[in-house]
Amino acid sequence: MQKFASPDEFSLKQTTPKIAGSGIIPGADKVISAYDLVEQMEYLYVRVVKAKDLPAKDVSGSCDPYVEVKLGNYKGVTKHFEKKSNPVWNLVFAFSHDQLQSSFIEVIVKDKDVVLDDFIGRVLFDLIDIPRTVPPDSPLAPQWYMLEDKKNEKLKKGEIMLAVWRGTQADEAFSDAWHSDAAAVGSDSVSRIRGKVYISPRLWYLRVNVIQCQDLISSDKKRSPEAYVKVVLGNQGLNTRCVKGLNPNWNVDFVFVVAEPFEEPLVITVEDIVGPGKEEVLGRCVMSLNTFVRRLDNKPVPDKWHNLEKHAIVEGQRKEAKKFSSKIHLRISLDGGYHVLDESTYYSSDYRPSSRLLWPKSGIGILEVGIISAKGLSPMKSKDGRGTTDSYCVAKYGPKWVRTRTIIDSGSPKWNEQYTWEVYDPCTVVTIGVFDNGHLQGGKDTSIGKVRIRLSTLETERVYTHSYPLIVLTPSGVKKMGEVQLAVRYSCTSYFNMLNKYTHPLLPKMHYVHPLSVLQVETLRSHAIQIVSARLGRSEPPLKKEVVEYMLDVASHIWSVRKAKANFMRIMNVLGGASAVAKWFDQICRWKNPLTTILIHALFVILVFYPELIFPTFFVYLFFIGMWNYRWKPKHPAHMDIRLSNADAVGFDELDEEFDTFPTSKKSNDIVRMRYDRLRSVRGRVQSVIGDLAMQGERFGSLLSWRDPRASALFVCFCLVAAFVMYVTPFQVVVLVLGFYVLRHPKMRSKVPPLYANFFKRLPAKTDLML
């Protein structure tokens, strides 16, 4: 069994970074206020714009110029231009204030040569004379400087346009600058370590209703075709069942995931089964996605007949056959009323539908995350015989992904970068992951750990500064990979709209009016993750597939004995409250505390003679429990819990099973492998059901736990109001109203969940704390 480590090792620690947002820095000026959730970092910026009239150095009468910016032992180099005396670079270099090892900075123009590069000229700047700029003021304008030789004498020709200033990470040049932290990285890899912002592609559900075909003709005139329809979109493909006849009817719905801009066509093929393992194409139809109707609600779209083109292969080339065309009857639409899930519904960061026409006019708040630093990061690779880590952070909320710059060769990197998101729903989760940049050595990016923070558990306008443990589960057991220091602030722009969100359905209306099956949702989510990772991987620098899949928790549904045990323990903890009440009542019956038993007898007599006091007493009791628990409401955000995840006591055999591939790769016998995989598949569903049951119980518990302070406040106020209403309303009236409401006619029932169900589904559970 894995030995449990010290509780402090995996605990959340409150920190006091020197940031203006937390009030650590009094009287902070506007330099800090723009970046008030991170520590201020001083940088020396050098913008190399261009040069003109550079003297020739080669025999051919030209030069191959490049610029070298040197500050002590740190050196940044631009690319060189061949045979160009008026080059344009437009590149910014940033040197950290902590790395200033000289009293002057040197900008040298050199000529690229085969053996030894020639010196053309230089410009020297004394660090004392370099001005400071204050964002958001205009950046310092570059100007022309005459080049000097090594004796500090002006050259007869040759000038360079430069701008040199002091600033902070709030400067607009920070994100695209070459940093001295990356001095060991080649110029071709500099773009891969810069911080960037990415936007996920907008995803839609494409619904294809295959109704029927008409006039299908088999190559063998004597037999009736046994046809089925194959619908293919990129790497997604679905088939109908096989139907015999000239005019087969299917009337089946297929749903696919597509991303804007639509690049791949929809290919519909009708095939005839002419023999065992042998099919013949009866016709094909290729359509562009831009031609389909965009549906916002459940209203049916017009159906349409399409011609099936018959093709033949002649001498290796496809030629269209000039003959009578069969037809296929289809109803196709882009359903914009759904939210295409690429994250788990338990800890999603966005619930808005695909169509912008259905989005709310404005958000309810602003989320700001300051990624300050990390410490104690485990070495992820070896370099020159020693362990090293080239770390960066990725944060995802809604469609916006952000990536910090990579800090080279540091176990305690300092990023101090701040990002902002607009919030449309308080019951969402922001995910921050830490990774090792494997591109620098031609490998994959390795995950170091991640943090999830549910916005509804945060108080508005408060700055949370904590150091979160980075915990991963390895084949040898649970391991702490380091800590990441974050500053988080959730600001509310409309408190009424935020509270009103608790009464709305969690997902868009179409998920309830025309729901997708559980199997469809899981399959479509897998396709959505593939599309998002492929699109983000085409950016520059790319956000790699392994990073996207780790952030979106692609393997969360895979069976694990550890997860099943953890979910079982969650259920036991939930039922523990009912067990405690039963034990307490048993003690009352056994007169363990005579005074309490006498009081319960008196209360029982009162409620029997005055039954109208039952409901008021019940709600008043809940009200006082809620107010009493307010003293112990959580002061800090929740974090990954190894005990809740059963990661501290998991056996090695169970870990071996969890990290085994699916299908298994460790069993040679085919029958055993089939049975083993089937068992894991069934167990995975059972695991999900157990987790759902535990989540419902935890939501009940969160009503009065103040983990979501706004939800608990609403429920406590409701209890107080309900107690008053129950007091002034006759008991019989209350029972009649509740009875008639429960037994109301189906015509009076809406397909959209009622208000109390929406409120309950928005309550936080502990699912987002699971590893």
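In this structure, L341 CG and L552 CG are separated by 11.0 Å, a value rounded to the nearest 0.5 Å. Annotation: the span from F81 atom CZ to S62 atom OG amounts to 14.5 Å, rounded to 0.5 Å. Interatomic distance, CD of Q485 versus OG1 of T16, reported as 8.0 Å (0.5 Å rounding). Separating the CZ atom in F174 from the CZ atom in R405 is a distance of 3.5 Å, to the nearest 0.5 Å. Rounding to the nearest 0.5 Å gives a distance of 8.0 Å between CZ of F262 and CG of L206.
No side-chain donor-acceptor contact under 3.5 Å links E68 to the backbone of K75. Here the side chain of D436 pairs a donor or acceptor atom with the backbone of D390 at under 3.5 angstrom. Side-chain atoms of S85 do not come within 3.5 Å of backbone N or O of A56 as any donor-acceptor pair. Using modelled atom types, no side-chain atom of E368 and backbone atom of L37 make a donor-acceptor pair closer than 3.5 Å.
Of the residues listed (E148, E153, E106), the one engaging R122 in a salt bridge (Lys or Arg N to Asp or Glu O under 4.0 Å) is E106, and it is the only one. Applying the ring pair (Phe, Tyr, Trp, His ring centres under 6.0 Å) test between F125 and each of Y145, F95, F104 identifies Y145 as the sole match.
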Please step through side-chain contact (heavy atoms from CB on, under 4.5 Å) for the pair Q418 and Q169, ending with a clear verdict. CA-CA 9 Å; Q418 184 172 333; Q169 72 269 38; over 6 Å; no
Evaluate K450 against D553 for side-chain contact (heavy atoms from CB on, under 4.5 Å), listing each step before the verdict. CA-CA 11 Å; K450 63 184 172 185; D553 214 356; 3.8 Å; yes
Is there a side-chain hydrogen bond (donor to acceptor under 3.5 Å, both in side chains) between E417 and T404 once you walk through the steps? CA-CA 7 Å; E417 298 184 24; T404 67; 4.9 Å; no
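Side-chain atoms of T168 and Q40 form no donor-acceptor pair, as typed in the model, at a separation below 3.5 Å. For T389 and S391, the side-chain atoms include no donor-acceptor pair closer than 3.5 Å.
Smallest separation of non-hydrogen atoms from S349 and V429: CB-O, 3.1 Å. Contact between E39 and I19 at its shortest, heavy atoms only, is N-CG2, 3.5 Å.
Between K110 and D64 there is no salt bridge, since none of the side-chain N atoms of the basic residue sits less than 4.0 Å from a carboxylate O of the acidic one. Looking at R356 and E260, no side-chain N of the basic residue comes within less than 4.0 Å of a carboxylate O on the acidic one, giving no salt bridge. Ion pair E549/K444 not flagged as a salt bridge, since none of the NZ, NE, NH1 or NH2 atoms sits closer than 4.0 Å to an Asp/Glu carboxylate oxygen.
Cation-pi geometry between R403 and Y392 is satisfied (NZ or CZ under 6.0 Å from the ring centre, within 45° of the ring normal).
For an aromatic pair to be called close, the ring centres must be under 6.0 Å apart, and F435 with Y550 satisfies this.
Residue pairs that meet the side-chain hydrogen bond (donor to acceptor under 3.5 Å, both in side chains) test with at least one member in residues 86-95, sequence neighbours left out, are T78-W89.
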Side-chain donor-acceptor pairs under 3.5 Å in residues 158-167, sequence neighbours left out?
{"unit_1": "W165", "atom_1": "NE1", "unit_2": "D171", "atom_2": "OD2", "d": "3.0"}
{"unit_1": "R166", "atom_1": "NH2", "unit_2": "L127", "atom_2": "O", "d": "3.2"}

